[in-house]
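Heads up: numbering here begins at 1 and tracks the sequence. This structure is a prediction, so every number in the text was calculated from the model and none was measured.
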Amino acid sequence: MHSYSKIYQALLEQIKSGVLQEGDLIPRELDLSAQYGVSRPTVRQALNLLVSEGYLRRVRGRGSYVTKPKVLQRYTQFIESYNYEMEKKGLAPLTKVLEISLTYPSETVQTHLDIPADRKIVKLQRLRSVSENGVGKPIILTTVYFPYDLIPDVFTYDFEKQSFYDILSRHGVEVKRGTRLLEIKALYKEKAALFGLPDGSPCHYISSVGYDEAGRPVEYSENYYPADRNTFIIEIVK
């Protein structure tokens, strides 16, 4: 079992069994790191997953508290309405690669991918649009980060025409599940300019982690959806 998964499972069991109850403050990251003999980024990965599933909530300057799981966070699928609209109206999706580069992970990326600071990653940023009367209208700015060794020939692919997940699959990596965090943010400077919107324009922000069959995180993405161009249908699955 992956190191962060052990911590996740241990804390989840304590919560479900009642050892840790709603309102309880869980041990500090530093203490959990020492207890399980792992790095703090690894501990943070486990806590992030529990937060995303609604079992923990963070209070700045105080720590993480046990809370009731939010059903919608665990059993909700997000379906972008523009997919349906494009099919219905015959609109063609367009993709422009803004950046594809080899780099090292930030602390945020290290945490979400559970990797060390010296493991090379690929940053792939794309602007997705739909064609309206021959003119592309940007609807999503998406940036995905993944370990370079998953796709060592990554720079030979055309990500304006080819699917990232299809290419992962070619290399024997299948994303079997994911976690998503939805927030409301405002667009500023370069991001606002990419959409042709004024500073402060609202957007849906979704960060996502994709996991393979063994439960290992293989990709982390950050996605901006302008609120005036995207709506979501929320499907509750029992």
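- Counting only heavy atoms from C-beta outward, the side chains of Tyr145 and Pro105 never approach each other to under 4.5 Å.
- Side-chain atoms of Tyr8 and Leu50, non-hydrogen and from C-beta on, do get closer than 4.5 Å to each other.
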Kindly indicate, with the supporting measurements, whether the criterion side-chain contact (heavy atoms from CB on, under 4.5 Å) is fulfilled by Tyr148 and Val154.
CA-CA 8 Å; Tyr148 173 56; Val154 63; 4.0 Å; yes
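- Cluster membership for Leu168 and Phe155, using ILVMFWY side-chain heavy atoms within less than 4.5 angstrom, is shared.
- A heavy-atom distance below 4.5 Å is found between the side chains of Ile100 and Phe159.
- The structure places OG of Ser64 at 5.5 Å from CG of Leu47, a figure rounded to the nearest 0.5 Å.
- The environment of CZ in Arg177 is crowded: more than 12 heavy-atom neighbours from other residues, nucleotides or ligands sit within 6.0 Å.
- Residues Tyr211 and Lys176 have side chains not in contact (no heavy-atom distance under 4.5 Å, counting atoms from C-beta outward).
- Residues Val122 and Leu113 fall into different hydrophobic clusters, defined by Ile, Leu, Val, Met, Phe, Trp and Tyr side chains chained together at heavy-atom separations under 4.5 Å.
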Using the rule given for side-chain contact (heavy atoms from CB on, under 4.5 Å), can you reason through Leu94 versus Val130, listing the C-alpha separation, both sets of side-chain angles and the distance that settles it, and then say yes or no?
CA-CA 6 Å; Leu94 305 171; Val130 292; over 6 Å; no
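- If you take NZ on Lys120 and OG1 on Thr103, they are separated by 10.0 Å, rounding to the nearest 0.5 Å.
- The two atoms that bring Pro152 and His171 nearest to each other are CD-CD2, 4.1 Å, heavy atoms only.
- You'll find the side chain of Thr142 reaches within 4.5 Å of the side chain of Arg128, heavy atoms only.
- Put simply, CG on Leu141 and OH on Tyr225 are 10.5 Å apart, with the number rounded to the nearest 0.5 Å.
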Let's go through Ile206 and Tyr224 carefully: what are the C-alpha distance in whole Å and the side-chain angles of both, what is the deciding distance for side-chain contact (heavy atoms from CB on, under 4.5 Å) to 0.1 Å, and is it a yes or a no?
CA-CA 7 Å; Ile206 297 178; Tyr224 295 84; over 6 Å; no
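- Expressed to the nearest 0.5 Å, how far OH of Tyr55 lies from CG of Leu49 amounts to 10.0 Å.
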Does the side-chain hydrogen bond (donor to acceptor under 3.5 Å, both in side chains) test come out yes or no for Thr143 and Glu222, once each step is laid out?
CA-CA 5 Å; Thr143 306; Glu222 299 174 339; 5.4 Å; no
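- The distance from atom CG of Leu150 to atom CD1 of Ile121, rounded to the nearest 0.5 Å, is 11.5 Å.
- Phe146 and Ile115 fall into different hydrophobic clusters, defined by Ile, Leu, Val, Met, Phe, Trp and Tyr side-chain heavy atoms under 4.5 Å apart, directly or through other members.
- With sequence neighbours left out, the salt bridge (Lys or Arg N to Asp or Glu O under 4.0 Å) criterion links Arg119 to Asp149.
- Side-chain contact between Tyr157 and Ile167: present, with at least one pair of heavy atoms (C-beta onward) separated by less than 4.5 Å.
- Under the 4.5 Å side-chain criterion, counting only non-hydrogen atoms from C-beta, Tyr65 is in contact with Val59.
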Identify each donor-acceptor pair in which a side-chain atom of residues 183-202 lies under 3.5 Å from a protein atom, sequence neighbours left out, and give them as a table.
residue : atom : partner : partner atom : Å
Asp199  : OD1  : Lys189  : N            : 2.9
Ser201  : OG   : Pro198  : O            : 2.7

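- Atom CD of Glu160 has more than 12 heavy atoms from other residues, nucleotides or ligands within 6.0 Å.
- Atom NZ of Lys161 is separated from atom OG1 of Thr95 by 11.5 Å, given to the nearest 0.5 angstrom.
- More than 12 heavy-atom neighbours from other residues, nucleotides or ligands sit within 6.0 angstrom of CD on Gln35.
- Side-chain contact of Glu174 with Tyr165: a donor-acceptor pair under 3.5 Å is absent, judged by distance alone.
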Would you list the atom pairs, donor with acceptor, under 3.5 Å between side chains in residues 26-33 and any protein atom, with sequence neighbours excluded?
residue : atom : partner : partner atom : Å
Arg28   : NE   : Asp31   : OD2          : 3.1
Arg28   : NH2  : Asp31   : OD1          : 3.1
Glu29   : OE1  : Arg44   : NE           : 3.2
Glu29   : OE1  : Arg44   : NH2          : 3.0
Glu29   : OE2  : Arg44   : NE           : 3.3
Ser33   : OG   : Val38   : O            : 2.3

Give the C-alpha distance, both sets of side-chain angles, the deciding distance and a yes or no for side-chain contact (heavy atoms from CB on, under 4.5 Å) between Lys123 and Glu99.
CA-CA 7 Å; Lys123 174 184 178 183; Glu99 179 183 347; 3.4 Å; yes
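- Residues Ser17 and Gln14 come closest through the heavy atom pair OG-O, 3.3 Å.
- The closest donor-acceptor contact from the side chain of Asp153 to the backbone of Thr156 lies at 3.5 Å or more, if one exists at all.
- Between the side chains of Ser208 and Asn223, not a single donor N or O lies within less than 3.5 Å of an accepting N or O.
- Using a 4.5 Å cut-off on side-chain heavy atoms (C-beta onward), Val144 and Phe164 make contact.
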